[in-house]
Amino acid sequence: MCGLVGIVGNAEVAADIYDALTMLQHRGQDAAGIMTFKDGKFLQRKGEGLVRDVFRTQHMSQLLGNFGIGHVRYPTQGSSGTALAQPFYVNSPYGIALAHNGNLTNANKLTADLFRSDLRHLNTDSDSEVLLNVFAHELQRLGKLVPEAEDIFSAVEAVHTRCEGGYAAVAMIADHGVVAFRDPNGIRPLVIGIRQGKHGGDEYMVASESVALDVLGFKLLGDVAPGEGVYINPNGELIRRQCAKKPRLMPCIFEHVYFARPDSMMDGISVYKTRMRQGERLARKILRERPDHDIDVVIPIPDTSRVAGQSLAHELGVKFREGFMKNRYIGRTFIMPGQNERRKSVRQKLNPVPLEFKDKTVLLVDDSIVRGTTCGQIIQMARDSGARKVYFASAAPPVRYPNVYGIDMPAASELIAHGREVQEICELIGADWMVYQDLEDLFECSREGNEGIEGFESSVFDGKYSAGTIDREYLRSVEAARSEGSALRLAVAQDGGVVGLHNDN
């Protein structure tokens, strides 16, 4: 999962891009990059680490120009490192830079086609570079010295024809402004906003989440539609076109469960209210299954389960308490290499408040359970703090299948729920009882915010892949790539390198 920003303004934009990226830091901590354009030149700074670590005052002062793009990254497969930090750049045609969120499921085929037919060289194993070169080739073959809006949209249309998977992208064309587009299924999010510039005229911004708009005073215009292309020229003119033949809105529901910030709006849906509804629905299921429950207190596992936990406790009519204090200076552990590192990180990250556990029947709530490697530790922490019984609730259904659209959990063998029933999972994590959200209830929690949604990309829960040809052979290849990448990231970590961090529930 990555974060994207693109701004076309009437003054220098680098500082605004920096601020927007800090608001999207939760979407990736492996690397960050900003590229701007001024007087015929691309200006760039990118590197491994958090936004605040990559950019210093001297770097920002050199990023001149009235339009630019930015990116925060975490690796989904393959290696990590500065070479894969985005934006990427090609000099032909025109000079194009691009940043990308998601995953192209036919990247191997596209890589071969780019070399054999399009005569283009790729310097990394990143599918983002593949996407950039497909877009660049489709623009180049039009043979225009000065591309017009329709030429750009024609190239986007060709991208949708050639590329499969889930993706959102923001690109910058030398002298010609910013382009953004979203896959025909709308799997990965992308929003657009407007504000009045300091020197008059409209300024536009595209970003992965609306929170990036909010902090900079941009008004949310709405979402980039599935398959839509958005072009903002240097004069601040916004032009939009539908570039896909059969677009449909099938957003990734895991954004609502975990990835997105609760204060974001996505596809007309409030993430905060969606998570409130998740807690309410889960409470109703608990009351159906255990009408005479003995739960004394509901305690969330910080931070993304807090909203669902509050509404769950209210619906059950029991106390809600903050039983774990979180160390804000420990990274998120979803892709931390090695089980030993993850186990150590949990103990460093969370510390219990014993008074909230002693002699109580506790219901711990989390947004989801992926690997399950930390659940047992957290449950044991609750017991060590004096809990009489420890129940566990997941605001999402069991995560049973690999994700192939840009979320770092592709290997089925790593998922605790894969091939297991709920009782088996409960015994593995050491809970006295556990409950999962029902999938249809999860759908309704999100659909209530936007009745126009045709469905959701929910393959991690039901194994139904909405884009690309996803078969066993493909899943095996992804798992192999992940294993190779995990080994490399572990070697980097042991050698003292920087490693991206994310949540590992």
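All values derive from a computational prediction rather than experimental measurement. Side chains included, hydrogens not; waters and symmetry mates left out as well; all remaining heavy atoms used.
Partners of F135 according to the ring pair (Phe, Tyr, Trp, His ring centres under 6.0 Å) rule, which considers only residues two or more places apart in sequence or in another chain, are F181. Evaluation of the ring pair (Phe, Tyr, Trp, His ring centres under 6.0 Å) rule for F456 yields F443 as partners, not counting sequence neighbours. Residues forming a side chain to side chain donor-acceptor pair (under 3.5 Å) with E457 (at least two apart in sequence, or on another chain): S459.
A side chain to side chain contact (heavy atoms under 4.5 Å, CB included) with V191 holds for exactly one of D223, D267, L221, V206; it is D223. Screening Q242, R241, R240, R182 against E228 for a side-chain hydrogen bond (donor to acceptor under 3.5 Å, both in side chains) leaves a single residue, R240.
Applying the salt bridge (charged side-chain N to carboxylate O under 4.0 Å, His left out) definition to pairs two or more places apart or across chains, those involving residues 421-446 are R281-D441, K285-D438, R288-D438, R383-D432, E440-R447, E444-R447. Sequence neighbours left out, the pairs with a member in residues 202-215 that pass salt bridge (charged side-chain N to carboxylate O under 4.0 Å, His left out) are R27-E209, R195-E203. Pairs passing the side-chain hydrogen bond (donor to acceptor under 3.5 Å, both in side chains) check and including a residue from residues 461-472, sequence neighbours excluded, read S458-D462.
Two residues are said to be in side-chain contact when any heavy atoms from C-beta on lie closer than 4.5 Å; M325 and V353 meet this criterion. Within the 4.5 Å cutoff, the side chain of P189 has heavy atoms near those of the E255 side chain. Proximity of Y391 to V435: side-chain heavy atoms (C-beta onward) are nowhere separated by under 4.5 Å. Here the side chains of M434 and I369 are in contact, with some heavy-atom distance below 4.5 Å. Inter-residue side-chain proximity for W433 and R290 is flagged as met; some heavy-atom pair is nearer than 4.5 Å. Q278 is listed as a side-chain neighbour of V257, based on a closest heavy-atom distance under 4.5 Å. Counting only heavy atoms from C-beta outward, the side chains of Y167 and D127 never approach each other to under 4.5 Å. Residues D366 and I378 have side chains not in contact (no heavy-atom distance under 4.5 Å, counting atoms from C-beta outward).
Ring geometry for F461 against F254 counts as tilted: the plane angle lies between 30° and 60°, on a 0 to 90° scale.
Expressed to the nearest 0.5 Å, how far CG of D183 lies from CG of N103 amounts to 11.0 Å. Note that OG of S305 and CD of Q310 are 9.5 Å apart. Values are rounded to the nearest 0.5 Å. Atom CZ of residue F218 and atom CG of residue D16 lie 6.0 Å apart, to the nearest 0.5 angstrom. The SG atom of C426 sits 9.5 Å away from atom OH of Y436, with the distance rounded to the nearest 0.5 Å. Taken from CD1 in I286 to CG in L312, the straight-line distance is 4.5 Å, to the nearest 0.5 Å. Note that CD1 of I187 is 8.0 Å distant from CZ of R248, once rounded to the nearest 0.5 Å.
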Going through the checks in order, is the side-chain contact (heavy atoms from CB on, under 4.5 Å) test met by F392 and L364?
CA-CA 5 Å; F392 206 96; L364 301 180; 4.0 Å; yes
Problem set entry | Residue pair Y204, Y231: steps toward the ring pair (Phe, Tyr, Trp, His ring centres under 6.0 Å) verdict | CA-CA 10 Å; Y204 291 96; Y231 172 48; over 10 Å; no
Please step through side-chain contact (heavy atoms from CB on, under 4.5 Å) for the pair L238 and I192, ending with a clear verdict.
CA-CA 10 Å; L238 171 67; I192 185 166; 3.7 Å; yes
Test V5 against V170 for side-chain contact (heavy atoms from CB on, under 4.5 Å), laying out the working first.
CA-CA 7 Å; V5 178; V170 57; over 6 Å; no
Checklist entry - Do T274 and H256 pass the side chain to side chain donor-acceptor pair (under 3.5 Å) test, and can you show the C-alpha distance, the side-chain angles, and the key distance before you say yes or no? => result CA-CA 7 Å; T274 293; H256 301 168; 4.8 Å; no
| task | Evaluate the side-chain contact (heavy atoms from CB on, under 4.5 Å) criterion for residues I299 and L363: first the C-alpha distance (whole Å), next the side-chain angles of each, then the deciding distance (0.1 Å), finally the verdict. | result | CA-CA 6 Å; I299 294 178; L363 175 64; over 6 Å; no
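A salt bridge links E322 to R306: one of the charged nitrogens lies within less than 4.0 Å of a carboxylate oxygen.
Q377 contributes a side-chain N or O that, together with a main-chain N or O of T373, makes up a donor-acceptor pair within less than 3.5 Å. A donor-acceptor distance shorter than 3.5 angstrom exists from the side chain of S210 to the backbone of M265, with no hydrogens or angles considered. In this structure a side-chain-to-backbone donor-acceptor pair under 3.5 Å is present from S208 to L4. A donor-acceptor contact shorter than 3.5 Å is absent between the side chain of Q437 and the backbone of A396. At least one donor-acceptor pair under 3.5 Å links the side chain of R188 to the backbone N or O of Y405. In terms of modelled atom types and a separation under 3.5 Å, the side chain of N106 and the main chain of E164 share a donor-acceptor contact. Distance alone, capped at 3.5 Å, is enough to place a donor-acceptor pair between the H160 side chain and the G227 backbone. A donor-acceptor distance shorter than 3.5 angstrom exists from the side chain of K46 to the backbone of A85, with no hydrogens or angles considered.
Residues G468 and T105 come closest through the heavy atom pair CA-OG1, 3.8 Å. Across all their heavy atoms, A212 and A207 have their closest contact at CB-CB, 3.8 Å. Residue A382 comes nearest to V390 through the heavy atom pair CB-CG2, 3.9 Å, listed as atom of the first residue, atom of the second, then distance. Contact record, V178 with G68: CG2-O, 4.3 Å, taken as the closest heavy-atom pair. Smallest separation of non-hydrogen atoms from C243 and G229: SG-N, 3.8 Å. For A313 against K319, the heavy-atom pair with the smallest separation is CB-O, 4.1 Å.
Atom CD of E451 sits in a crowded spot, with more than 12 heavy atoms from other residues, nucleotides or ligands closer than 6.0 Å. Annotation: H314, atom NE2; neighbour count of heavy atoms from other residues, nucleotides and ligands within 6.0 Å does not exceed 12.
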